Colleague: 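Quick one: the structure is below, and I'll ask about it shortly.
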Amino acid sequence: MNAVVPQGRRPRHLTAGRIGIYAFLATAALFFLLPLWIMVVTSLKPMEEIRMGNILALPAAMTFEAWTKAWSSACTGLECNGISVGFWNSVRILVPSVILSIIVGAINGYALSFWRVRGANVMFGVLLLGAFIPYQVFLYPLVRIFSLTGIYNSLTCIVLVHVIFGLPTMTLLFRNYYAGLPIELFKAARIDGGGFWSIFLRVILPMSTPILVVATILQVTGIWNDFIFGLTFAGRQNLPMTVQLNNIVNSTQGERAYNVDMAATMLAALVPLVVYFVSGRWFVRGIAAGAVKG
Amino acid sequence: MSSVSVRDVTVAFEAVQVFDGLSLDIQEGEFIVLLGPSGCGKSTLLNAIAGLLDVAEGQIWINGKNVTWEEPKDRGIAMVFQSYALYPRMSVRENMSFGLKMARTPKPEIERRVARAAELLQITPLLDRRPDQLSGGQRQRVAIGRALVRDAAVFLFDEPLSNLDAKLRNELRVEIKRLHARLGKTTMVYVTHDQIEAMTLADRIVVMKEQKIQQIGTPDEIYHRPANLFVAGFVGSPQMNFIKGRIENTGEGLSFLSGERRLSLAGYQFAATPLPGREVVLGIRPEHLKISGAGTWPGFKVDIVEPMGADTVIWCSDGAGSVQVRIAGSRRPAPGESVTLHVDPTEVSLFAADSGERL
Amino acid sequence: MRLKTRVSAYTLSIALVWSSGALAQQMKAEVLHWWTSAGESASVKVFADQFTKAGGTWVDNAIAGGANARTAGINRIVGGNPPTMMQFNTGKQFDELVSNDLVRDVDAQAKAGKWRELMPKPIVDATVRQGKFYAVPVNIHGQNWMFYNTKVFADAGLEPPKTFPELIASGEKLKAKGIIPLALGGQPTWEHNLFRAVMVGHGGADMFRQLYGTRKPDVVKNPKFKETVEIFGKMRGLVDPGSPGRNWNDATALVITNKAAMHFNGDWAKGEFIAAGQTAGKEYGCTVVGQEPKLVIGGDVFVFPQTKDKTALATQDKLIQVLTDPTSQVEFNKKKGSIPVRMDVDVSSMDVCAQKSHSILKDPANQVESMEILSPPNFSGAMQDAVTQFWNNPNMTADAFIEKIVNAMRDAG
Amino acid sequence: METISIRAPSVASSGTRIRRSVRTRLPAAFALLPTALVVLVVYIGCMLWTVRLSFTSSTLLPKLDWVGLAQYTRLFANDRFLTSASNIVIFGTLFISGCLIIGFLLAVFIDQNVRGEGLFRTVFLYPYSMSFVVTGVAWQWFLNPGLGLQKLVRDMGFESFTFDWLVNQRMAIYTIVIAGLWHGAGLTMAILLAGLRGIDSDLWKAARVDGIPTWRVYTSVVLPLLRPMVITATVLLATGVVKLYDLVVAMTLGGPGIATEVPAKFVMDHLFERNNIALGTAAATIMLITVVSILAPWIYVRYIRPQGRHA
């Protein structure tokens with residue numbers, strides 16, 4: 001009898017183990033998607049249906065009204081322009097805040113891991129402690145400080161606040177990343193005559209792409225979702241989208257339109273979501289590249 | 001005139017590790033190798049010369065100038081690192097010209113120097129590649145090239161070949177030696193833990209251990225007249241044989257005595273004549289032991305024979321201890337055979353058993 | 001004071017910027033308030049439109065959540081960049097702004113408009129500091145209304161209860177029929193609101209004032225007090241298990257959808273019924289439970305941050321005129337669900353609940369100051385903590401609860 | 001021959017040395033200056049200000065009188081504060097360990113060459129980008145016995161099924177943990193996944209040759225290698241624990257009763273809603289002291305003592 005010789009590609013076995021893996025992941029995915037499902041179906045229902053309380057059921061009469069309303073005609077006080085009005089405010093706050101806080105974080109991280117400056121590590125230690133203190137504690141004194149300097153309630157003010165409170169995480173992130181880079185590169189650059197800035201700009205910064213991605217993602221998410229700083233420091237011309245969102249969602253005594261709330265929330269989360277989708281792969285890679293060599 | 005002069009230098013690391021009051025003079029055009037096991041302070045010394053770490057006390061002079069507080073770039077040095085330290089986002093050409101750009105060297109001059117260095121190292125075809133597109137050997141050449149374009153008076157090498165495989169290491173070693181010859185008056189300070197590199201490259205070797213200089217000398221001196229037990233054991237492969245014993249005064253002068261074995265020390269050049277009865281360690285390099293019919297020490301039995309091509313290492317023992325013998329040629333004893341060993345007292349080293357210093 | 005010079009220098013520079021602008025900008029009023037929901041927005045629009053008609057420019061600054069808005073506003077006033085006018089609730093919220101001389105007194109306007117005669121005394125008292133008006137009241141909210149589903153009661157063959165013992169009795173019957181007797185937003189605020197409704201309805205107006213106003217521990221020694229607390233305790237059995245954490249409007253929705261019979265809330269809850277297309281007196285009714293109907297009232301006021309700028313002062317004067325104008329009062333309160341702060345206006349065009357409210361308040365004996373007027377926020381906060389613990393722990397005895405109340409009195413000083 | 005004696009490090013100061021140190025590091029010091037100012041003025045300044053206010057009787061606006069420890073006496077007699085403190089310990093422990101366990105499992109399973117890896121990863125990560133203001137409502141509905149899971153299962157015919165943690169005083173804090181896990185597990189997964197990808201493939205080969213079962217490799221070999229990532233994740237999660245506020249407000253408002261109160265909410269309520277700045281800052285000070293006493297040794301050993309690298 002001839003022995004059976006396997007030919008061609010090895011057959012793909014869907015073993016019990018593989019099925020288990022997929023079952024676990026799918027279950028987990030369900031858990032993670034659950035609130036999103038509730039939000040999506042709720043946003044597509046009219047209010048009468050929502051009052052009936054079948055939160056998981058598909059809408060009987062699907063309508064996108066809540067979405068258009070949330071975007072362009074939901075009221076905040078007298079202005080009935082939805083959360084779209086805050087969109088550009090948010091962008092105007094986001095862009096300089098993200099860029100500036102990353103620049104400062106990168107410079108700090110670089111100075112801390114390559115240049116020994118007296119007292120720098122103590123400063124960094126205090127900064128790290130600061131990351132654990134609830135923001136609310138800072139609000140009142142900061143308002144006083146900013147109003148004394150005369151920039152309270154302006155775009156500058158809110159950007160500055162974001163940079164200040166981004167300092168601990170950003171500095172930690174870059175410091176740890178740079179601590180993972182070979183010190184010899186820095187030595188070589190010193191011998192080549194590079195100074196503080198030229199080494200940073202020409203040698204270190206070009207190697208920072210992965211960590212820049214991680215920092216951008218974290219900052220975009222954090223700053224975009226900020227509510228309390230925007231409300232307190234931005235001034236009424238610059239109120240970010242989240243303040244509008246909160247205005248729609250959190251009125252104390254007025255009636256609530258849950259469908260609009262849900263739609264508004266998802267609309268408000270679009271920017272960070274897009275950033276996640278686009279850079280998901282980079283995010284993991286960036287973290288892997290040393291962001292976590294803490 | 002000395003090219004590099006380290007004068008009573010102290011380096012303090014966070015109050016933990018101390019590198020204290022060390023001096024060293026290096027002549028112009030000299031090839032100096034700092035040799036020692038890891039953690040002996042040889043890289044620290046190199047970094048101090050380069051100005052990459054602060055000296056707490058003492059001075060460093062390069063080419064007749066006190067550079068103790070000069071920036072690395074102003075010291076007239078170039079440096080090559082073990083990990084190559086090539087800037088990953090720059091091409092080979094950019095890597096090599098970065099330092100010159102920093103020094104605002106005119107463009108044509110940069111091009112001329114890069115071209116010359118590239119040709120010298122045969123890396124001209126690689127000039128537009130990125131470091132990650134190069135092999136290890138190529139990267140190290142680029143790293144050397146980057147040092148070369150600086151036209152520095154002093155080259156500092158920090159274990160430049162350690163990350164390469166044996167074959168490449170040999171090739172590049174020869175090339176560095178050739179480079180030194182071709183550059184003429186360039187001083188080179190080379191850190192390694194590889195004694196073959198040290199022996200083959202150095203004009204003088206500085207052997208270090210535990211942040212201290214153990215011996216400075218030509219490769220011959222280091223090899224044949226090691227200053228202490230550490231140097232004797234660290235340099236040479238197979239390792240020097242060490243036999244414990246003591247000095248005795250016999251009729252015809254001083255002798256070494258270990259158990260039944262005895263060796264007359266007539267002809268041995270003592271650094272300081274020891275008193276009889278002194279506990280000592282006798283060091284004999286394997287190649288200085290000869291197998292002969294009428295030898296000094298009979299009654300050794302062959303344990304293991306290691307043919308190494310050009311020569312053979314034979315492990316012999318006599319119950320009290322074992323020694324390695326290196327013989328040339330193809331005629332070699334078989335395991336189990338009894339042999340008699342011959343020792344020439346002019347070729348041995350004697351160390352004090354307590355301090356380890358050469359006698 | 002250095003801060004003050006800073007403040008005025010800042011206002012001055014702003015004023016300069018403004019006066020250099022177009023003429024239309026001269027009466028520009030930035031109004032900070034927390035009326036953000038659709039119904040509330042519609043009501044504030046009444047004022048805005050009136051102001052615009054009078055030649056002003058209304059710059060609306062709505063921030064959701066009273067605490068958020070007040071924090072932002074107070075920060076701006078202290079920071080020297082105040083809005084032209086800002087909303088507060090009647091009560092002690094703006095006491096320190098007055099004592100720190102940060103808001104303007106409007107007593108001249110009050111005298112001219114006879115506010116002291118026209119407005120209910122609790123509201124006047126809540127707004128007057130050191131004998132002067134420091135704020136303009138704009139509406140009256142009744143806080144202890146009971147809304148009920150007329151159909152549910154008719155189906156069960158029951159009358160809406162008049163007293164709390166009655167309420168508990170009919171509640172048990174409704175429960176047996178599978179109806180949720182009492183719909184409650186299970187958040188500390190609403191639990192506390194319910195407690196106050198019971199306190200004023202069963203314990204009486206005086207006990208209510210002693211508890212929240214004078215805050216002398218003697219009040220709890222009154223046997224009636226313990227009885228009231230026990231009634232409140234029994235009401236724990238009348239809510240559904242899903243109550244904790246629920247938003248108040250989800251509770252209202254239970255009444256709207258015939259799932260629940262009764263719901264205690266302020267008159268702002270009408271907004272939900274209206275949004276669901278229901279009419280007061282038809283699908284739902286409103287009543288005040290208690291031997292004699294005592295209405296706990298509070299309301300919204302506007303304060304006017306200090307300014308030396310003449311244009312700004314004129315703008316503020318114009319705003320005050322608009323706020324107290326009888327027509328805008330009626331229109332505003334129709335949309336807001338509250339009733340006009342002036343008792344001299346004609347309310348016949350308003351819904352039955354508002355009319356009921358108005359007629360109850362006609363008798364000053366029925367007017368009871370709200371907790372916000374009577375208590376400093378730290379006491380009401382501590383009370384809220386005590387109430388929510390009692391409400392949510394069926395095993396806690398009335399005595400344990402009373403002890404917590406005594407502690408709250410002591411801590412709030 | 002040189003022989004050198006070892007001396008204790010001496011603090012040498014020659015004029016030239018200082019000049020070089022200053023000259024070389026001046027730009028670095030200059031670059032750190034803004035941050036140093038912020039640390040001094042904002043972080044340290046605000047902390048001191050907070051501590052100072054906790055010794056006053058401030059209510060709506062801060063005033064600088066002195067009442068000694070009166071606020072602290074009140075604080076430690078306050079049920080709500082004590083509940084908050086124990087809640088944060090429960091939440092912190094379960095949230096951090098839960099995120100690490102779930103995150104690790106997700107990372108390991110995703111690392112098995114699964115199809116649609118990108119999709120899974122995004123699904124697990126997206127909650128991190130959502131604000132709690134409304135996702136809290138979605139959770140509240142789902143966990144509400146009359147609306148969500150319990151109703152769903154009962155409607156399917158299992159009449160006795162009960163899941164009422166949200167409205168149960170003793171269990172409510174665990175629902176906060178569940179929603180917290182939903183929010184934070186994805187980030188933990190991303191960090192640990194990054195760690196897994198960084199592990200030398202030779203290790204896997206070695207384990208295969210030795211015939212070690214995969215799960216065993218994960219627990220005994222891989223997990224210890226992930227230590228730095230675990231530390232980073234723990235730090236990130238811990239900062240979230242201390243600041244926990246939005247989630248509670250959105251889901252339970254501290255209820256039922258005071259069952260889910262947390263310190264940050266205590267501080268917020270007293271600072272901004274109850275006009276009780278002094279008590280709020282006293283609570284903030286206690287939080288501060290706790291955080292400092294837990295973290296300071298770690299920060300010192302990890303970041304301050306080792307003076308960077310030698311350059």
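Every value quoted in this text rests on a predicted model; they were computed, and no experiment measured them. Below, chains carry the letters A, B, ... as their sequence lines are ordered, and counting in each starts from 1. Basis for what follows: all heavy atoms, side chains included, without hydrogens, waters or symmetry-related copies.
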Colleague: What part of D:Leu271 gets closer than 4.5 Å to chain A, counting heavy atoms only: side chain, backbone, both or neither?
Modeller: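 Only the side chain of D:Leu271 comes within 4.5 Å of chain A.
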
Colleague: Is A:Leu25 close to D:Phe124 at the side-chain level, that is, under 4.5 Å between some pair of heavy atoms?
Modeller: yes

Colleague: Would you name the heavy atoms of A:Ala26 and D:Phe120 that are closest together and state the gap between them?
Modeller: N-CE2, 4.1 Å

Colleague: What is the minimum heavy-atom distance between D:Pro127 and A:Phe32, and which atoms define it?
Modeller: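 Shortest heavy-atom separation between D:Pro127 and A:Phe32 comes out as CG-CD2, 3.8 Å.
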
Colleague: Between A:Phe31 and D:Trp139, is the gap from one ring center to the other below 6.0 Å?
Modeller: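 Yes, the ring centres sit under 6.0 Å apart.
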
Colleague: So which part of A:Phe165 gets closer than 4.5 Å to some heavy atom of chain D, the side chain, the backbone, both or neither?
Modeller: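 Both parts, heavy atoms under 4.5 Å.
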
Colleague: What's the shortest heavy-atom distance between A:Pro141 and D:Trp49, and which atoms?
Modeller: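 For A:Pro141 versus D:Trp49, the nearest heavy atoms are CG-CD1, 3.3 Å.
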
Colleague: Backbone N or O of A:Met123 within a donor-acceptor pair of the D:Tyr43 side chain at under 3.5 Å?
Modeller: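 No; zero donor-acceptor contacts below 3.5 Å.
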
Colleague: What part of A:Ala268 lies closer than 4.5 angstrom to a heavy atom of chain D: side chain, backbone, both or neither?
Modeller: neither

Colleague: If we define contacts as heavy-atom pairs under 4.5 Å, which of A:Ala269, A:Pro168, A:Ala131, A:Gly222 has the most with chain D?
Modeller: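 If we count pairs closer than 4.5 Å to chain D, A:Ala131 comes out on top.
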
Colleague: Using non-hydrogen atoms and a 4.5 Å limit, figure out which bit of A:Ile145 sits close to chain D: side chain, backbone, both or neither.
Modeller: side chain

Colleague: Output yes when a side-chain donor or acceptor of D:Tyr128 lies under 3.5 Å from a complementary backbone atom of A:Leu218, and no otherwise.
Modeller: no

Colleague: What distance do A:Leu56 atom CG and D:Leu149 atom CG have between them, rounded to the nearest 0.5 Å?
Modeller: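 The distance works out to 8.5 Å.
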
Colleague: Sequence neighbours left out, what passes salt bridge (charged side-chain N to carboxylate O under 4.0 Å, His left out) with D:Lys243? Give chain and number order.
Modeller: none

Colleague: Might you point out which heavy atoms bring D:Leu106 and A:Phe24 nearest each other, and give the distance in Å?
Modeller: CD2-CE2, 3.7 Å

Colleague: Can you see which heavy atom on D:Ala31 is nearest to which on A:Ile107, and at what distance?
Modeller: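 Reported closest heavy-atom pair: CB-CG2, 3.6 Å.
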
Colleague: Please state whether the side chain, the backbone, both or neither of D:Val38 comes within less than 4.5 Å of a heavy atom of chain A.
Modeller: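 Side chain only.
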
Colleague: Can you tell me which of A:Ala120, A:Ala264, A:Gly130, A:Gly195 forms the most heavy-atom pairs within a distance under 4.5 Å of chain D?
Modeller: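 The candidate making the most pairs under 4.5 Å is A:Gly130.
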
Colleague: Can you tell me which portion of A:Trp197 sits under 4.5 Å from chain D's heavy atoms? Options are side chain, backbone, both or neither.
Modeller: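 The answer is the side chain of A:Trp197.
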
Colleague: Judged by atom type as modelled, is there a donor-acceptor pair below 3.5 Å linking the side chain of A:Trp115 to the main-chain atoms of D:Ala28?
Modeller: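 Not at all, since once roles are kept as given, no pair shorter than 3.5 Å links the two residues.
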
Colleague: What part of D:Leu196 gets within 4.5 angstrom of chain A, counting heavy atoms only: side chain, backbone, both, or neither?
Modeller: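 It is neither, since no heavy atom gets under 4.5 Å.
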
Colleague: Taking the six-membered ring for Trp, are the ring centroids of A:Tyr258 and D:Trp141 within less than 6.0 Å of each other?
Modeller: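 Yes, they do, as the ring centres are separated by less than 6.0 Å.
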
Colleague: With rounding to the nearest 0.5 Å, note down the distance linking CG in A:Leu173 to CG in D:Leu236.
Modeller: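 Going from CG on A:Leu173 over to CG on D:Leu236, the span is 8.5 Å.
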
Colleague: Can you tell me which portion of A:Val104 sits under 4.5 Å from chain D's heavy atoms? Options are side chain, backbone, both or neither.
Modeller: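 Contact with chain D involves the side chain of A:Val104 alone.
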
Colleague: Roughly how far apart are D:Leu295 CG and A:Leu128 CG, rounded to 0.5 Å?
Modeller: 8.5 Å

Colleague: Where is the tightest heavy-atom contact between D:Tyr126 and A:Pro35, given as atom of each residue plus distance?
Modeller: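 So the minimum-distance heavy-atom pair works out to OH-CD, 4.4 Å.
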
Colleague: So what's closer than 4.5 Å to chain A heavy atoms on D:Met130: side chain, backbone, both or neither?
Modeller: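 For D:Met130, backbone and side chain are both near chain A.
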
